[in-house]
Structure formats: structure tokens, C-alpha cells
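For reference, positions follow the sequence shown, starting with 1. All values reported here derive from a predicted model rather than from experimental measurement.
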Amino acid sequence: MSAPNAGDTAWVLVCAGLVLFMTPGLAAFYGGMVRTRNVLAMLQQNMIALGVVSLTWVLVGYTIAFGDDAGSGLFGNLELFGLADLKVPPAPNLHVVDGRITIPTLAFVLFQMMFAVITPALVTGATAGRLRFGGWVLFLAVWSVVVYAPIAHWLWHPGGWLAKFGTQDWAGGLVVHASAGAAVLAVLLVVGRRRDWPHTAAPPNSIPLTIVGAGILWFGWFGFNGGDGLQANGLAAQAVLNTHLAAAAAMLVWLALERVTDGHSTVVGAVSGAVAGLATVTPTAGYVNAASAVAIGALAGLVCHFALKLKYLLRLDDALDVLAVHFVGGMLGTLLLGLFGNRGVNPLGADGLFLGGGGGLLWRQLVGVVSVVAFSFVLTWLIAAGVQALIGLRVPPADQERLDQAQQGADAYHLGGVTSLTAPGAPRRRAAAAPAGEPAVPPGQRVRVVTALLEPDPAANSADLRDALLRAGAISVIVSDAAVATTTPKASLLPRGYWQDQPLSARLRVTVLVGADGVGAVLDELDRMGARRSDTFVQEAERVSS
């Protein structure tokens, strides 16, 4: 055996790190899209996969996926249990490997481990707000061994039955996206819908967090698709280029469709389209040319955008549209390889229908899609139903909108005035502020309290608001958030084309303490700022003596 190639080994290890980085990226992508009180739970559900699946992969997952075939083409034998007796680097023709590839087996183990980690984590986007943590951990452990590892063997081991049949999957259109998408269908049947779905909208808590997560996913996908040839060569460059072009094309198509259908091209739509393009090009990245990658990305933006309606047709509460983006994207890309496959790009591939190869590859891709989806769906439903019966997979309905407190006893954000106060035991980092001076109104004197509601925009500058009221005679000014009931609900656009009618509108409540002779001037100033007299109140008050 030749000595390991240092460049190839370094490239595969870097790609393993990039794919690992995708899991916290996925956590951020999903975490920004859920309710404020479910953020920590979503992050935890994704990050725990790094712990659970990494261990199941080393113990038994790798040997089932890449151990010598047990003779049926369905799974590997258990000779590599616990990686106790590793053999030579991956055999010729494994995945897209040929005899020239010499990397340490452990580099291959690590690279493939990261795929096993992120695949079941995709499910959490569909089940947002409904997973019991202990049940999810057990589900991860069982699914990664019983479902993921055999499918990886089918397609990425030379003895796998789909590999011998001729089905191709460069980086996981079937092994990752289709298998996870079918798992989503099954798990949703077990955990059911959120309360009041689809009539109650769930606005995201942090779109910026989602965008950061999407950026990490896009970056990590270069390793996801670029490392699958296990060599640092021109084919890796082609796969990385194809990955980027497909994401770019899908993003633009998705934005154009948003503009036509909803009137706005949104940043969430941009990253949704990009991720759809990334998922769709995954099975094809090392088998097609750049022009085909652009076409595949454009089709992904078109098809996956319209697939958003799929969950309503199926009556499945897929919270963050995993079915539309990953399931449809993975299957679509797998089938498009049957059209765009190009042996000129990769001699280990096959020509598709558009390159003169006839319909043979398309047929083999279709068989792969049906087989993987059916296998993953049936076994996932059995696993999810078993976990639900054994320890519970679905959280109680009362906890669906407060998972952070129910499962972790903590909150992701502490933005309110009360929750930001110093508590006993907290370190004091700054000297206490000097007490405020005595108010201008002596104790016992009668004053007026003026309360008004303002639109947030005219009062956006707090200094101007304060100065204007003080000039009018205000003694003190208090501003707080408020919401008022409206006769005409305000329609607001949520991510990915969803709308909600909000019957409460945001206002600022301004409370002003003023002497009796200054009430008129304060009211005039509030009128200038847009306060309506019907929402303004004047009350008599008396300063309490200390």
C-alpha cells in the first residue's frame, strides 16, 4: 500500500471540520426561526447530535456502513466494531474512490462521521416545539444505527446493493436529505401538530441568527460536497464550484418568486433558496459541469419554493419547511442527475439523458429514491412510535411554547427591565450610581399624571421626546411598551411567504408627571407627536412624602 498522501489527507480533514461546523450552523439556522421561549431547546436538540451520533458511529455505525459487506448488500459486518481492528483505506470504487487514493482510514471515518451527525439533526426543524429531550436522544442513537448506517452502506460501499445497481449519490442527496426527509414524515405522524396549527402563526425570534446560521451552512457545504472525492484535485474544485453556483441560482429564483407571489423579496427567502439549491446539488456536485449546476440550482429554487404548500396538502405540521427544502431538494437532485450526469466531469459517473446516456441512469436514480424513502419512512415510524411508547417523544401540549423553561429552566434572552435587575449573589462590576436628586415637586403638592399612546416611529428619538416634554413643563417622563386592540388587524409577512393578521398593534405608552399649569402644553406636545386625545388621560396625583 502506498504511503498516505499528505495533501489529500489534509483536505479530507479540513472538509471533516467544515461538515462538523454545519451542525452548529444548522442549530443557529433553526434557532432563529422558532419562538423566543423555544430557542435553547432547538439549539440543544441539534448540538446533542454531535455527542450521541459521534459515539454510535464509532461503536457500530461505521462498521455497518463501511465494514465488509455481509453478503446481502444491505449492511456491513461487525468486524470493525468500536474501530478495534481497522483495515486499509477505503477500497477502490468506494463512493468515488479509485486506486490512486491513499488517505488514513481514520480520516475517512472522521469525515463520514460528520455526515452521520448532521443527518438526523435535520428532523428538528420540522418538529420544532414538540420534542421531549430524553426521547429525542434515544431516537438519535437508534436511528443513526438502524436507518442511516444501512442506507450509507447501500450507496457508498462498493458491496451495497444500490451501488452495484448503479444508483449514484455524490454527497448525500439520498443518504442525507431523502432519508432525513422521509424520517420527518414518519416522526410528524407520531408527534402530531402544534396547538392551533395551521391557524396560529409562529413568528421567528431572530432572523439575524437564522442568516448567520445559513452563512455557516453555505460555508460548510464546500466541505460537505468538496471532500467526497477524498482528493484535493480538479474534481474537488468542480464540486465546490457547482455547490456555490447552484446555491446562487436557487437564491435568485426563490427571490424572484417571492417578489411575484408576496410582493417582497426577503432575506429569509434568499437563504431558504440558497439552502434548497445546496441540498439539491448535493447528489450531483461531483458528476455534472458548472452550467448544469446552475440549471439544477434554478430548478431547485422553483420546485422547492412551490413545495412549501406540501405540508398543507399532507396536513403535516412541518414547522420550518424541512420537507420543502431538504426532502424535495434531495429527491429532485437525485433525479436530475439522471438528466445532467456527465462522464466527462467524472469518469466514475454516467451520462444522463441530456448527455446522450439514455434513460438508464434516471431509472436507477428513481429506484434509489423509492427504496431509500420507503426504508427510512417505515423504520423511522417504528423507532419513533417505540420511543413514544417507552419514554415519550412528544412534549405535553402545555410545554410547547415554553420548552426552554420546561427542559432547561432558563431563557435565551433577558431583555426586559425586571429580568435584567441584579439578583442576590450576582457580582457587582460597577460602583452603584449616586441616588437621584429630590424631585421638583415637594411632598403633598397636587400634580397631574398625563398618559398617552404614541406610534413608535414619530417618537423614535428618545432624547427628542424627553427634551420636548421637559420644555413643555414635565417633571418626569416614563416610556414603556404597550399594545392596543385594533378593529382592522394588521397583516404582517412572516418568513417564506406566510402571513398573519395581528389584532394588537405596538404603541409607546408615555406617562408624564406635570404641574397643573403645564398640562395644556404637555398635551399640545403629545398631539404634535401623534397622540390621539381619545387615548390620552389626565389624572390628579399627589407626591407621597418619604
Side-chain angles (χ1 to χ4, degrees), residues 4 8-27 44-70 74-91 94-95 97 101-124 133-160 169 171-172 175-176 179-180 183 220 223-224 227-228 230 376 379-380 383 387:
D8 293 343
T9 302
W11 173 239
V12 171
L13 291 176
V14 167
C15 289
L18 288 171
V19 181
L20 182 151
F21 195 33
M22 293 176 71
T23 296
L26 184 70
Q44 175 81 311
Q45 289 167 16
N46 281 266
M47 295 302 292
I48 195 64
L50 283 165
V52 175
V53 182
S54 295
L55 296 184
T56 61
W57 182 252
V58 167
L59 289 175
V60 67
Y62 179 78
T63 191
I64 291 175
F66 294 105
D68 290 341
D69 185 71
L74 297 176
F75 47 82
N77 61 32
L78 299 180
E79 290 183 2
L80 302 180
F81 182 86
L83 304 183
D85 185 22
L86 287 177
K87 298 186 178 182
V88 297
L94 169 57
H95 196 2
V97 182
I101 295 178
T102 52
I103 62 172
T105 303
L106 286 178
F108 183 75
V109 172
L110 181 65
F111 180 64
Q112 288 293 336
M113 176 194 292
M114 301 311 163
F115 285 78
V117 167
I118 197 170
T119 301
L122 294 173
V123 175
T124 62
F133 182 64
W136 173 240
V137 170
L138 179 58
F139 176 90
L140 275 175
V142 176
W143 194 91
S144 65
V145 172
V146 175
V147 179
Y148 179 84
I151 293 176
H153 185 83
W154 294 0
L155 286 147
W156 289 346
H157 190 284
D169 185 5
V175 178
V176 176
S179 68
F224 197 88
D228 287 82
L230 306 182
S376 179
L379 265 69
T380 301
I383 295 168
V387 171

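Of all the heavy atoms in Ser376 and Ile151, the pair that sits closest is CB-CD1, 4.3 Å. The shortest non-hydrogen separation linking Ala183 to Val123 is CB-CG2, 4.2 Å. Contact record, Gly223 with Val19: C-CG2, 3.8 Å, taken as the closest heavy-atom pair. Shown here for Asn46 and Ala27, the closest heavy-atom pair between the two residues is CB-CB, 3.6 Å. The minimum heavy-atom distance linking Ala171 with Asp228 is given by the pair CB-OD1, 3.3 Å. The two residues Asn77 and Thr63 make their nearest non-hydrogen contact at O-OG1, 2.6 Å.
To the nearest 0.5 angstrom, Leu59 atom CG is 10.5 Å from Ile64 atom CD1. Taken to the nearest 0.5 Å, the CG atom of Leu78 stands 11.5 Å off from the CG atom of Asp68. How far CG of Leu26 is from CD of Gln45: 11.0 Å, rounded to the nearest 0.5 Å.
Remark: Phe133 pairs with Gln44, Ile48, Val137, Gln407 by the side chain to side chain contact (heavy atoms under 4.5 Å, CB included) rule, at least two apart or across chains. Thr119 pairs by the side chain to side chain contact (heavy atoms under 4.5 Å, CB included) definition with Trp143, Tyr148, Val176, Ser179, Ala180, not counting sequence neighbours. A search for side chain to side chain contact (heavy atoms under 4.5 Å, CB included) contacts involving Leu138 returns Val142, Val387, Leu390, Ile391, not counting sequence neighbours. Scored by the ring pair (Phe, Tyr, Trp, His ring centres under 6.0 Å) test, Phe75 finds no partners at all (sequence neighbours excluded). Remark: Val109 pairs with Trp57, Tyr62, Leu83, Thr105 by the side chain to side chain contact (heavy atoms under 4.5 Å, CB included) rule, at least two apart or across chains.
Between Leu230 and Asp8 there is no side-chain heavy-atom pair separated by less than 4.5 Å. Considering only heavy atoms from C-beta on, Val117 comes within 4.5 Å of Ser54 through its side chain. Between Ile103 and Phe111, the closest side-chain pair of non-hydrogen atoms is not below 4.5 Å.
Distance alone, capped at 3.5 Å, places no donor-acceptor pair between the Ser144 side chain and the Ala149 backbone. Side chain of Thr124 to backbone of Ala121: a donor-acceptor contact under 3.5 angstrom is found. Of the possible polar contacts, one joining the His157 side chain to the Gly67 backbone as a donor-acceptor pair under 3.5 Å is found.
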Subject >> Chi angles and distances behind the side-chain contact (heavy atoms from CB on, under 4.5 Å) call for Trp154, Val175 >> reply: CA-CA 9 Å; Trp154 294 0; Val175 178; over 6 Å; no

Distance-only donor-acceptor hits, side chain of residues 9-18, under 3.5 Å, sequence neighbours excluded:
residue, atom, partner, partner atom, Å
Thr9, OG1, Asn5, O, 2.8
Trp11, NE1, Gly226, O, 3.1

